[in-house]
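Read the structure below first, then the notes.
Every chain is numbered from 1, with letters handed out A, B, ... down the list of sequences. Scope of the values below: all heavy atoms of this structure, side chains included, with no hydrogens, waters or symmetry mates.
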Protein chains: 2
Amino acid sequence: MVVNRLDDVVTGALEVLDAYGLEFCSMRRVAGHLDVQPSALYHHVADKQTLLALMADRIVADVEVSAAGSVRERARSLVRALRAAMLAVRDGAEVVATASAFRLGASQVEADLVDVLADKQGARTLLLFVFGHTQATQMHRMAASVGAIEPDPDLDASFDRGVDIVLRGLL
Amino acid sequence: MVVNRLDDVVTGALEVLDAYGLEFCSMRRVAGHLDVQPSALYHHVADKQTLLALMADRIVADVEVSAAGSVRERARSLVRALRAAMLAVRDGAEVVATASAFRLGASQVEADLVDVLADKQGARTLLLFVFGHTQATQMHRMAASVGAIEPDPDLDASFDRGVDIVLRGLL
DNA sequence: ACCTGAACACCGTTCAAGT
DNA sequence: ACCTGAACACCGTTCAAGT
């Protein structure tokens with residue numbers, strides 16, 4: 001694989017993440033996957049934290065607000081799309097939640113949610129729930145897939161209930 | 001310092017955590033702080049994850065439910081005490097949140113909150129907010145103390161507002 | 001501009017051996 | 001029971017040097 005664009009590095013890093021998980025998504029492994037020396041990555045990216053932030057941005061890149069519907073409906077669908085995007089890649093929730101904690105308010109999804117709810121604190125409250133619940137879901141699924149735990153089939157419903165609790169308190 | 005009890009290891013680890021932060025709280029550093037070889041720690045603890053879980057338990061050890069008051073008041077005071085306990089040690093929120101994510105439902109605080117609210121899903125929703133908000137607060141304070149950011153004086157109020165939103169949706 | 005090679009200062013964990 | 005010493009297989013990052 002040829003690497004000469006930052007996008008290729010991010011793509012390769014996401015492939016390593018999805019295949020091995022965050023714990024093993026090291027700079028050295030990403031470099032190896034790209035058939036390049038570890039030091040080569042630092043020509044494209046300042047450090048690992050920056051790379052993780054770029055990965056987070058890509059994970060949520062296609063999450064968009066719907067134009068139609070009530071406030072509750074728009075918030076629900078946005079937050080469901082965010083959850084789906086994070087669940088689509090291994091350890092995606094942890095990567096996005098951490099990056100989002102570092103630069104609070106800088107993400108597009110957060111801005112969209114503030115816009116829909118017209119309440120900054122409310123949007124942050126809902127978002128913190130979404131991140132926490134999705135991280136827990138993803139950890140639970142990994143543990144279940146390894147057979148360490150019996151799978152819980154009600155996680156989707158549990159997510160929706162939590163979202164409803166917050167929205168009911170908010171609207 | 002003499003190390004012959006598991007408690008001493010946990011105490012030493014918490015001292016290192018508070019002094020240097022989670023990033024530098026390595027097994028080797030904890031061992032060095034205890035004047036012991038790194039391998040000695042493994043006589044007391046199975047691995048680093050286990051040690052972190054014990055540290056988390058100690059951080060929240062003194063958080064207790066009040067017997068008196070309305071449901072809302074008891075939930076509020078429990079959750080405030082939890083937040084204060086986590087903020088009292090550097091990176092405490094991250095340590096507790098991570099440990100708590102690994103063994104969901106195993107902590108005493110979570111059991112207490114389920115008891116007060118008489119709603120398992122509601123307790124989990126509130127707890128996810130508390131962890132997320134407190135982690136963000138702690139990161140913000142570290143950044144502000146280094147001068148990387150202007151301090152936000154309204155974080156306590158912001159926390160209370162978020163708690164109220166969830167409780168209003170819940171009760 | 002993009003990458004190599006080598007080095008620096010670290011990790012977590014294991015395991016035989018000592019007391 | 002508690003610990004040492006040495007080793008194994010890794011990390012992130014820097015930097016001169018090559019093309």
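When the C1' atom of C:dC11 is taken as reference, atom CG of B:Leu41 falls 13 Å away, rounded to whole Å. Between A:Tyr20 atom OH and D:dC11 atom P the separation is 12 Å, expressed in whole Å. Remark: C1' of D:dA16 and OH of A:Tyr42 are 17 Å apart, rounded to the nearest angstrom. Rounded to an integer number of Å, the gap from B:His43 NE2 to C:dG18 P is 17 Å. What separates CG of A:Asp47 from C1' of D:dC11 is a distance of 15 Å, to the nearest Å. As a whole-Å value, the separation of A:Glu23 CD from D:dC11 P is 11 Å. Taking atom CG on B:Asp35 and atom C1' on D:dC3, their separation rounds to 13 Å, with Å as the unit. In this structure, CG of B:Leu6 is placed 13 Å from C1' of D:dC2, rounded to the nearest angstrom.
Residues A:Val109 and A:Leu82 share a closest heavy-atom pair of CG1-CD2, 4.1 Å.
Atom P of C:dC10 sits at a distance of 22 Å from the matching atom of D:dA9, rounded to the whole Å. One C1' atom belongs to D:dC15, the other to C:dC3, and the distance between them is 13 Å to the nearest Å.
Counted by atom type alone, A:Thr11 and A:Asp8 present zero donor-acceptor pairs between their side chains at under 3.5 Å. Looking only at atom types and distance, the side chain of B:Thr125 has a donor-acceptor partner in the side chain of B:Gln121 under 3.5 Å away.
Within the 4.0 Å cut-off from OP1 or OP2 of D:dC3, at least one side-chain nitrogen or oxygen of B:His44 is found.
Two residues, A:Ala46 and A:Phe24, neighbour DNA chain D, and the one matched to the more 5' nucleotide by heavy-atom proximity is A:Phe24.
With B:His140 contributing its side chain and B:Asp152 its backbone, the two residues share a donor-acceptor pair below 3.5 Å. Remark: the backbone N or O of B:Asp57 is not paired with any side-chain donor or acceptor of B:Gln108 at under 3.5 angstrom. Judged by distance alone, with hydrogens and angles left aside, the side-chain atoms of A:Glu94 form no donor-acceptor pair with the main-chain N or O of A:Gln138 at under 3.5 Å. With hydrogens and angles ignored, the 3.5 Å screen pairs no side-chain donor or acceptor of A:Gln135 with any backbone N or O of A:Ala93.
Distance from the side chain of A:Met27 is smallest to D:dG12 among D:dG12, C:dT4, C:dC2.
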When Watson-Crick pairs (N1 to N3 and N6-O4 or O6-N4) and G-U wobble pairs (N1-O2 and O6-N3) count only below 3.5 Å on both distances, what is the dot-bracket string of DNA chain C, with | for other-strand pairs?
||.|||||...|||||.||

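Rounded to the nearest 0.5 Å, atoms CD (A:Glu15) and OH (A:Tyr20) are 10.5 Å apart.
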Listing time: all N or O pairs from protein to nucleotides 5-10 of chain D that are below 3.5 Å?
residue : atom : partner : partner atom : Å
D:dG5   : O6   : B:Ser39 : OG           : 2.6

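Put simply, the residue from A:Asp160, A:Asp156, A:Asp164 that forms a salt bridge (Lys or Arg N to Asp or Glu O under 4.0 Å) with A:Arg80 is A:Asp160.
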